[in-house]
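Below is one structure, written out as structure tokens; the observations come after it.
Starting from 1, each residue takes its place in the sequence as its number.
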Amino acid sequence: MPIAVDIDVMLAKRKMSVGELAERVGITPANLAVLKNGRAKAVRFSTLAALCEVLECQPGDLLRWEAEEAEEAVGPASGSTAGSTVA
């Protein structure tokens with residue numbers, strides 16, 4: 001997934017455990033683990049706001065975009081004219 005979650009980094013900077021963060025944010029440790037490990041499909045803004053409040057950070061400190069490496073990085077072969085229209 002092109003969105004990486006850096007909650008671990010902020011936890012380390014704040015010297016806070018996952019359990020403490022989950023309790024202070026008001027979510028289960030299991031749901032925090034899903035988010036922390038990048039397996040979440042979505043995050044509510046209210047949860048993101050609570051994370052930022054407790055960790056004293058900005059959303060960009062917790063989430064970042066990474067380019068996908070597979071197909072997009074390779075692209076079509078150069079010089080290929082397949083599917084091109086020449087006027």
Glu53 vs Arg24, side-chain contact (heavy atoms from CB on, under 4.5 Å): CA-CA, chis, key distance, verdict: CA-CA 10 Å; Glu53 182 177 353; Arg24 291 178 62 185; over 6 Å; no

Derivation and outcome, side-chain contact (heavy atoms from CB on, under 4.5 Å), residues Leu55 and Lys13: CA-CA 9 Å; Leu55 293 170; Lys13 285 182 179 179; over 6 Å; no

Value rounded to 0.5 Å, distance of CG in Leu11 from NZ in Lys15: 13.0 Å

CA sep, side-chain torsions, deciding dist, call: Leu32, Ile7, side-chain contact (heavy atoms from CB on, under 4.5 Å): CA-CA 9 Å; Leu32 181 57; Ile7 291 176; 4.1 Å; yes

Contact check, side chains of Asp6 and Arg64, non-hydrogen atoms, under 4.5 Å: yes

Linked, directly or transitively: Phe45 and Val5 (ILVMFWY side chains, under 4.5 Å): no

Cys52 versus Pro59, closest heavy-atom pair with distance: SG-N, 3.5 Å

Where Leu48 and Val43 come nearest, the two heavy atoms and their spacing: N-CG2, 4.3 Å

Whether over 12 other heavy atoms sit under 6.0 Å from Glu20 CD: yes

side-chain contact (heavy atoms from CB on, under 4.5 Å) between Val18 and Leu21, worked out: CA-CA 5 Å; Val18 172; Leu21 179 61; 5.8 Å; no

Student check: side-chain heavy atoms of Leu62 and Val9 closer than 4.5 Å: no

Short side-chain to backbone donor-acceptor contact, Asn37 and Val34, under 3.5 Å: no

Arg44 atom CZ, over 12 foreign heavy atoms within 6.0 Å: no

